[in-house]
K.L.:
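Take a look at this one; I'll ask things after.
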Amino acid sequence: KLQFLYLIGPGGGRPAGSKAVAARKGAAAAPARQGPWTMDDASTTSEEERQPTGMTARMKQMESDQWFPMHTPHWSVAGLVLIAAVLIPLGAAIILATNRDFEEVVVSYGENLAQRRGKPCNYDERRDRAVATPGAPVAPSDIPETCDTERLVFDIPAEMKAPVYVYYRLDGFNQNFRSMVRSRSDAQLAGASATCDCEDTVACKPFAHAAQSTADTGFKVKHLDGTERALDTLVYSPCGHIAWVMFNDSFVLSKQNSGTGGDSLICDTAAFDGPGAPIETNVTRGKENKCSKRGIAWSGDVDTRIVEPKIESYSLTRYGYPAADEVLDNDGNVVDHAAETLRRGDYYREHGHRIPLQTDLDFMVWLRPAVLPEFNKLHRIINQDLPAGRYTLDVAERYPAFGGEKKFVLATRSWAGGSNLAQGIAYVVCGSMGLVFAAFILVMGTVRPLGGYTPEAFEALE
């Protein structure tokens, strides 16, 4: 039941023929006035005559007509029961689908490799392994591109139905940190500009252009044709902090066969180019790679938001800067092997740390920042069933240590998505609370109908 009292209507703010609500019973109609007050003679006008009348008085005395809904118990109970009837079965179905169809296998690897080396994975560690004396000059081609490799053995306890999704999981990594999220150029990603127009220029440092991350201020690049260019005018594409910290470990998943049949290749995550086309590697040569890269990124990112970069004469991309011959310091001396990193498409003086390809599907996935410090990122999709048994995982570790854990994850999905146990429980709890409130309102509406007043009592109050 809804009872409405109208704010404004014919007949002084009420529907025609309705009872007077604003005026008190027995009060005589006030004479017409010109404005809210009568101020003909301030010295002789009485206090009562100076009081506001009409709509002004009713507004000031909070007696203006109004409307408000008054819900009866039966309609309230019906609404709560309807909500419970939807949420409880839906939550139970999600819980059942998660327990029945969702499978997950997690393999932790980062901590094991770091303990075996005794050092974290970073560029300096790889560089020191290439020389007898730490800090000595070394050609970038002599520096290992990976910190370490390791073969891990694990078991899949039950068959995983296709498609099986491959994720990497980072635990303890705050990807939603402000300086990382804002350190990007959406205009550059959309192909409109080759410059790094980051929203926060301070946050873009030191990865807007070459030499920002080093002390090489004022250095110059000498081109093969003899011309020179200031090093700090070479702009990274894509630029920013979030591109510099992109995850770049790779994995090879194989199924162990009994006897002497050897291992069967399941997925080599490195055997794809940026847009997801298969390429041949030493691992996949003569073998079928049973996973795919296409389909891991959002369609809006692939089709509209991120496009092929606009290459300018000052762009530093994954394709390299082939015009570089030498890098000269402020005294005109050649900086050893610095130009080689520019030609290869690496970050300046960081051999093996490749600049991401702007249209790389892995880069598009990485650009979507995670809210929590522990998160999964979709990496590959395996298009065949994985039977129960023993598997091997070959890890090529390149990603620097960040104080957390790195994990390899295999998971399936149900009609409700991935692991949605918390969502199903929330639906059941909310539906159950609706039933409890419905029962409470029903009991109270029977014991004290309409808050203790009968419809006749409400009519009398007018």
K.L.:
Would you say K290's side chain and L265's backbone share a donor-acceptor pair under 3.5 angstrom?
P.N.:
yes
K.L.:
Could you tell me which non-hydrogen atom of A270 sits nearest to which non-hydrogen atom of S250, and how far apart they are?
P.N.:
CB-CB, 4.1 Å
K.L.:
Taking atom types as modelled, find out whether R344 and H351 have a side-chain donor-acceptor pair closer than 3.5 angstrom.
P.N.:
yes
K.L.:
Here's a test for you: under salt bridge (charged side-chain N to carboxylate O under 4.0 Å, His left out), which of R390, R151, K287, K255 qualifies with D263?
P.N.:
R151
K.L.:
Are any non-hydrogen side-chain atoms of F363 and P238 less than 4.5 angstrom apart?
P.N.:
yes
K.L.:
Supply the atom-to-atom distance T214 OG1 to L231 CG, rounded to the nearest 0.5 angstrom.
P.N.:
7.0 Å
K.L.:
Should we count CZ of F177 as having more than 12 external heavy atoms under 6.0 Å?
P.N.:
no
K.L.:
Any donor and acceptor pair, going by atom type alone, linking the side chain of H209 with main-chain N or O of D232 inside 3.5 Å?
P.N.:
yes
K.L.:
Run the side chain to side chain contact (heavy atoms under 4.5 Å, CB included) test on Q188 and C239 for me, step by step, so that the C-alpha distance in whole Å, both residues' side-chain angles and the decisive distance to 0.1 Å come before the verdict.
P.N.:
CA-CA 8 Å; Q188 186 191 64; C239 64; 3.6 Å; yes
K.L.:
Output a table of donor-acceptor pairs, distance under 3.5 Å, between side-chain atoms of residues 273-283 and any protein atom two or more places apart or on a different chain; print 'none' if there are none.
P.N.:
{"unit_1": "D273", "atom_1": "OD1", "unit_2": "G276", "atom_2": "N", "d": "3.0"}
{"unit_1": "D273", "atom_1": "OD1", "unit_2": "A277", "atom_2": "N", "d": "2.6"}
{"unit_1": "E280", "atom_1": "OE1", "unit_2": "R285", "atom_2": "NE", "d": "3.4"}
{"unit_1": "T281", "atom_1": "OG1", "unit_2": "D268", "atom_2": "OD2", "d": "2.8"}
{"unit_1": "T281", "atom_1": "OG1", "unit_2": "V283", "atom_2": "N", "d": "3.4"}
{"unit_1": "T281", "atom_1": "OG1", "unit_2": "T284", "atom_2": "N", "d": "3.3"}
{"unit_1": "T281", "atom_1": "OG1", "unit_2": "T284", "atom_2": "OG1", "d": "3.2"}
{"unit_1": "N282", "atom_1": "OD1", "unit_2": "R285", "atom_2": "NH1", "d": "3.1"}
{"unit_1": "N282", "atom_1": "OD1", "unit_2": "R285", "atom_2": "NH2", "d": "3.4"}

K.L.:
Go through N99 and L421 one step at a time and tell me if the side chain to side chain contact (heavy atoms under 4.5 Å, CB included) criterion holds.
P.N.:
CA-CA 8 Å; N99 292 333; L421 190 61; 4.2 Å; yes
K.L.:
Applying side chain to side chain contact (heavy atoms under 4.5 Å, CB included) to L342 and L316, what does each step give before you reach the verdict?
P.N.:
CA-CA 7 Å; L342 299 179; L316 288 179; 4.1 Å; yes
K.L.:
In the structure I gave you, are the side-chain heavy atoms of Y319 and L357 within less than 4.5 Å of one another anywhere?
P.N.:
yes
K.L.:
Taking all non-hydrogen atoms of both residues, which atom of K406 and which atom of L170 are closest, and how far apart?
P.N.:
CG-CD2, 3.7 Å
K.L.:
Please test D346 against R354 for salt bridge (charged side-chain N to carboxylate O under 4.0 Å, His left out), starting from the C-alpha separation and ending with a verdict.
P.N.:
CA-CA 4 Å; D346 295 339; R354 304 296 302 277; 3.2 Å; yes
K.L.:
Kindly indicate whether the side chain of D385, heavy atoms from C-beta on, has any atom under 4.5 Å from the side chain of K161.
P.N.:
yes
K.L.:
Is a side-chain N or O of H379 found less than 3.5 angstrom from the main chain of V409, in a donor-acceptor match?
P.N.:
no
K.L.:
Report yes or no: does E150 contribute a side-chain atom to a donor-acceptor pair with the main-chain N or O of E397 at less than 3.5 Å?
P.N.:
no
K.L.:
For the NZ atom on K377, are there more than 12 heavy atoms of other groups (residues, nucleotides or ligands in this structure) within a distance under 6.0 Å?
P.N.:
yes
K.L.:
Does T359 use its side chain to pair, donor to acceptor, with the backbone of E308 at less than 3.5 Å?
P.N.:
no
K.L.:
Taking T392 for its side chain and Q256 for its backbone only, find out whether a donor-acceptor pair lies under 3.5 Å.
P.N.:
no
K.L.:
With sequence neighbours left out, what residues match Y427 under ring-ring contact (aromatic ring centres under 6.0 Å, His included)?
P.N.:
none
K.L.:
Just so I know, are the side chains of F408 and V395 near enough to count as touching, which here means a heavy-atom distance under 4.5 Å?
P.N.:
no
K.L.:
Consider ring pair (Phe, Tyr, Trp, His ring centres under 6.0 Å). Of Y167, Y168, F375, which one does F247 pass it with?
P.N.:
Y168
K.L.:
Sub-3.5 Å donor-acceptor pair from the side chain of R349 to the main-chain atoms of T341, do we have one?
P.N.:
no
K.L.:
Give me the atom names and distance for the closest heavy-atom approach of H353 to W244.
P.N.:
NE2-O, 3.0 Å
K.L.:
Can you name the nearest heavy-atom pair linking Q358 to S237, along with the distance?
P.N.:
OE1-OG, 3.5 Å
K.L.:
Let me confirm one number: the CG-OH distance from L410 to Y165, rounded to the nearest 0.5 Å.
P.N.:
13.0 Å
K.L.:
When rounded to the nearest 0.5 angstrom, what distance separates CD in Q212 from CG in L234?
P.N.:
12.0 Å
K.L.:
Could you pull out the closest heavy-atom pair between V307 and A190, with the gap in Å?
P.N.:
CG2-O, 3.1 Å
K.L.:
For the SG atom of C430 and the CG atom of L90, what is their distance to the nearest 0.5 Å?
P.N.:
11.5 Å
K.L.:
List the steps and the verdict of side-chain hydrogen bond (donor to acceptor under 3.5 Å, both in side chains) for N257 and S264.
P.N.:
CA-CA 7 Å; N257 297 319; S264 299; 2.7 Å; yes
K.L.:
Is the backbone of L152 close enough, under 3.5 Å, to the side chain of Y391 for a donor and an acceptor to pair up by distance?
P.N.:
no
K.L.:
Begin with the C-alpha distance, continue with both residues' side-chain angles, and end with the deciding distance and a verdict on side chain to side chain contact (heavy atoms under 4.5 Å, CB included) for V252 and C267.
P.N.:
CA-CA 6 Å; V252 176; C267 180; over 6 Å; no
K.L.:
Is the backbone N or O of V334 less than 3.5 Å from a side-chain atom of E326, with the two atoms forming a donor-acceptor pair by type?
P.N.:
no
K.L.:
Can you name the closest pair of heavy atoms from I382 and A162 and give their distance?
P.N.:
O-CB, 4.4 Å
K.L.:
Between the main-chain N or O of V371 and the side-chain N or O of N176, is there a donor-acceptor pair closer than 3.5 Å?
P.N.:
yes
K.L.:
Measure the CD1-SG distance between I381 and C291 for me, rounded to the nearest 0.5 Å.
P.N.:
9.5 Å
K.L.:
Going by atom types alone, do D249 and Y109 pair a side-chain donor with an acceptor below 3.5 Å?
P.N.:
yes
K.L.:
For residues L87 and V428, determine if any side-chain heavy atom of one lies less than 4.5 Å from a side-chain heavy atom of the other.
P.N.:
no
K.L.:
For atom NZ of K407, decide whether the heavy atoms of other residues, nucleotides or ligands shown that lie under 6.0 angstrom number more than 12.
P.N.:
yes
K.L.:
The test is side-chain hydrogen bond (donor to acceptor under 3.5 Å, both in side chains); show your working for D216 and Y348 and say whether it passes.
P.N.:
CA-CA 10 Å; D216 297 350; Y348 176 65; 2.8 Å; yes
K.L.:
Going by ring-ring contact (aromatic ring centres under 6.0 Å, His included), name the residues that satisfy it together with F173, two or more places apart in sequence or in a different chain.
P.N.:
W366, F402
K.L.:
Residues two or more places apart in sequence or in another chain: which of them pass ring-ring contact (aromatic ring centres under 6.0 Å, His included) with Y236?
P.N.:
Y347
K.L.:
When rounded to the nearest 0.5 angstrom, what is the spacing between NE2 in H74 and CG in L442?
P.N.:
7.0 Å
K.L.:
Is it the case that S108 and R169 place a side-chain donor and acceptor less than 3.5 Å from each other?
P.N.:
no
K.L.:
Residues two or more places apart in sequence or in another chain: which of them pass salt bridge (charged side-chain N to carboxylate O under 4.0 Å, His left out) with E228?
P.N.:
none
K.L.:
Kindly indicate whether the side chain of S183, heavy atoms from C-beta on, has any atom under 4.5 Å from the side chain of I242.
P.N.:
no
K.L.:
Using the salt bridge (charged side-chain N to carboxylate O under 4.0 Å, His left out) rule, collect all pairs that involve residues 358-371, keeping only residues at least two apart or in two chains.
P.N.:
K293-D360, K293-D362, D301-R368, D362-R380
